[in-house]
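These notes concern the structure reproduced below.
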Protein chains: 2
Amino acid sequence: MKLTEAKQQFISSWGAFGTQWGINRTMAQIHALLLVSPDPITQDDIMEQLSISRGNVNMNIRDLISWNLVERVILPGERKEYFTAEKDIWKVATQIIRERKKRELDPMLKLLGQLEDVDGDKKDKETKQFVEMIGSIKKLGNHADKVLDVLIKAEENWFTGSLLKVFK
Amino acid sequence: MKLTEAKQQFISSWGAFGTQWGINRTMAQIHALLLVSPDPITQDDIMEQLSISRGNVNMNIRDLISWNLVERVILPGERKEYFTAEKDIWKVATQIIRERKKRELDPMLKLLGQLEDVDGDKKDKETKQFVEMIGSIKKLGNHADKVLDVLIKAEENWFTGSLLKVFK
DNA sequence: CTGAACTTTCAAAATTTATTGAAAATAATT
DNA sequence: AATTATTTTCAATAAATTTTGAAAGTTCAG
């Protein structure tokens with residue numbers, strides 16, 4: 001397979017994959033493009049390669065930056081801004097985990113804490129089921145929180161496969 | 001907080017949470033409703049409680065069934081079908097992991113395998129970056145695959161917290 | 001300061017995704 | 001086999017999300 005074709009395929013699939021995970025297709029595609037670009041590129045490069053508008057590139061790049069997956073690069077002597085993505089894929093993964101934990105898991109746990117104490121008779125079947133369910137989801141959430149922390153900290157070993165031994 | 005209000009809050013937040021993960025809001029809400037319903041309920045119950053149409057309930061319930069999170073229950077002497085959700089939240093979590101792995105991770109790994117060998121000079125910067133990136137994403141994917149398998153099999157211990165010790 | 005180069009914003013338009021509801025299909029009852 | 005209850009389908013519609021592009025904002029060289 002030719003590079004151009006493979007790249008195209010990768011970007012498009014990465015976009016589709018992203019949408020399944022609640023990530024804007026274009027944002028995922030820009031990320032994919034940056035991942036396979038050895039050097040920093042400009043907004044115009046992205047516009048051209050993905051055939052999307054300037055506004056779209058700008059908004060999604062800013063979003064990627066807020067996820068700490070992409071950064072602005074100022075090349076000396078150049079007027080334009082360049083962008084580059086973190087290339088260490090394990091760092092990418094842990095960063096995404098970290099952010100989603102912060103943005104989604106933490107708020108959810110906070111909510112569950114609030115819902116935990118409803119007034120009413122614990123003997124009532126409906127109340128009992130509700131309280132128990134909230135409690136066990138909260139417990140699962142806290143568990144996930146800890147497991148993910150361990151994962152994030154295991155950073156160094158993943159590539160060699162030594163994490164899994166510890167893990168098991 | 002009153003039960004009705006708490007339930008409402010839970011269902012609505014679970015729906016919002018779902019959308020962030022690429023899950024249809026209504027599907028997540030139906031799931032939430034079933035999770036806190038001690039007894040099986042009918043399509044009409046769901047329509048009424050969530051104010052949604054019959055067709056919508058039907059499609060989303062079928063989807064939930066395909067994820068093995070909900071099942072049909074036939075009550076003796078009743079004409080209508082009833083539905084109930086798996087209440088063991090760990091089983092719910094592992095089932096979701098299992099399905100997403102199968103539906104998303106596996107196809108992605110398959111694709112990456114295909115993209116791995118592009119023709120062209122490995123000395124070329126673009127080609128080199130592409131091949132390396134695809135390779136390391138594939139490695140990460142395979143790693144995740146194994147880690148998730150270990151997690152799924154650890155089923156029995158999660159509630160007591162003993163998994164994490166082993167994990168660490 | 002001025003003007004050119006570049007970036008950001010955001011209302012309107014386009015696209016994608018979800019929902020409705022009525023008709024068709026299916027299943028149970030008499 | 002006809003009637004009734006219930007479920008399923010799916011084209012049309014509605015809602016949500018994404019994208020555009022032009023105007024406003026910013027930055028910087030001269």
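In what follows, every heavy atom counts, from backbone to side chain, and hydrogens, waters and symmetry copies are set aside. Keep in mind that what you see is a predicted model, and the values were worked out from it rather than measured. Order of the sequence lines sets the chain letters (A, B, ...), proteins ahead of strands, with each chain counted from 1.
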[X] has an atom [atom1]; how far is it from atom [atom2] of [N], in whole Å?
X       : N      : atom1 : atom2 : value
A/Asn24 : D/dT20 : CG    : P     : 11 Å
B/Lys80 : D/dT8  : NZ    : P     : 14 Å
B/Asn60 : C/dG21 : CG    : P     : 16 Å
B/Ile74 : D/dT6  : CD1   : P     : 12 Å
B/Glu81 : D/dT8  : CD    : C1'   : 10 Å
B/Asp45 : D/dT6  : CG    : P     : 12 Å
A/Met47 : D/dA22 : CE    : C1'   : 13 Å
A/Ile46 : D/dT19 : CD1   : P     : 14 Å

ask   = Is the distance from OP1 or OP2 of C/dT30 to the nearest side-chain N or O of B/Arg79 less than 4.0 Å?
value = no
query = Under 4.0 Å between a side-chain N/O of B/Arg62 and OP1 or OP2 of D/dT7, yes or no?
reply = no
ask   = Any salt bridge between A/Lys7 and B/Glu126, counting N to O under 4.0 Å?
value = yes
query = Between A/Lys101 and A/Asp149, is there a salt bridge with N-O shorter than 4.0 Å?
reply = yes
message = Looking only at the side chain of B/Arg54 (C-beta and beyond, no hydrogens), which of the listed nucleotides D/dT7, C/dT9, D/dT18 gets closest?
response = D/dT7
ask   = So which nucleotide from D/dT8, D/dG21, C/dT19 ends up closest to the side chain of B/Ser53?
value = C/dT19
message = Do A/Asn56 and A/Ser53 pair up side chain to side chain, a donor and an acceptor below 3.5 Å, judged on atom types alone?
response = no
inquiry  = Assuming nearest nucleotide by heavy-atom distance, tell me which of A/Met59 and B/Arg25 is located more 5' along DNA chain D.
reply    = B/Arg25
request  = Show the numbers, then the answer: is there a salt bridge (Lys or Arg N to Asp or Glu O under 4.0 Å) between B/Glu5 and B/Lys2?
outcome  = CA-CA 5 Å; B/Glu5 191 194 340; B/Lys2 282 220 56 172; over 6 Å; no
message = Heavy atoms only, 4.0 Å cut-off, all strands: where does B/Asn58 land among base, sugar-phosphate and nothing?
response = base
key: By ring-ring contact (aromatic ring centres under 6.0 Å, His included) - contacts of A/Trp67 (at least two apart)   = none
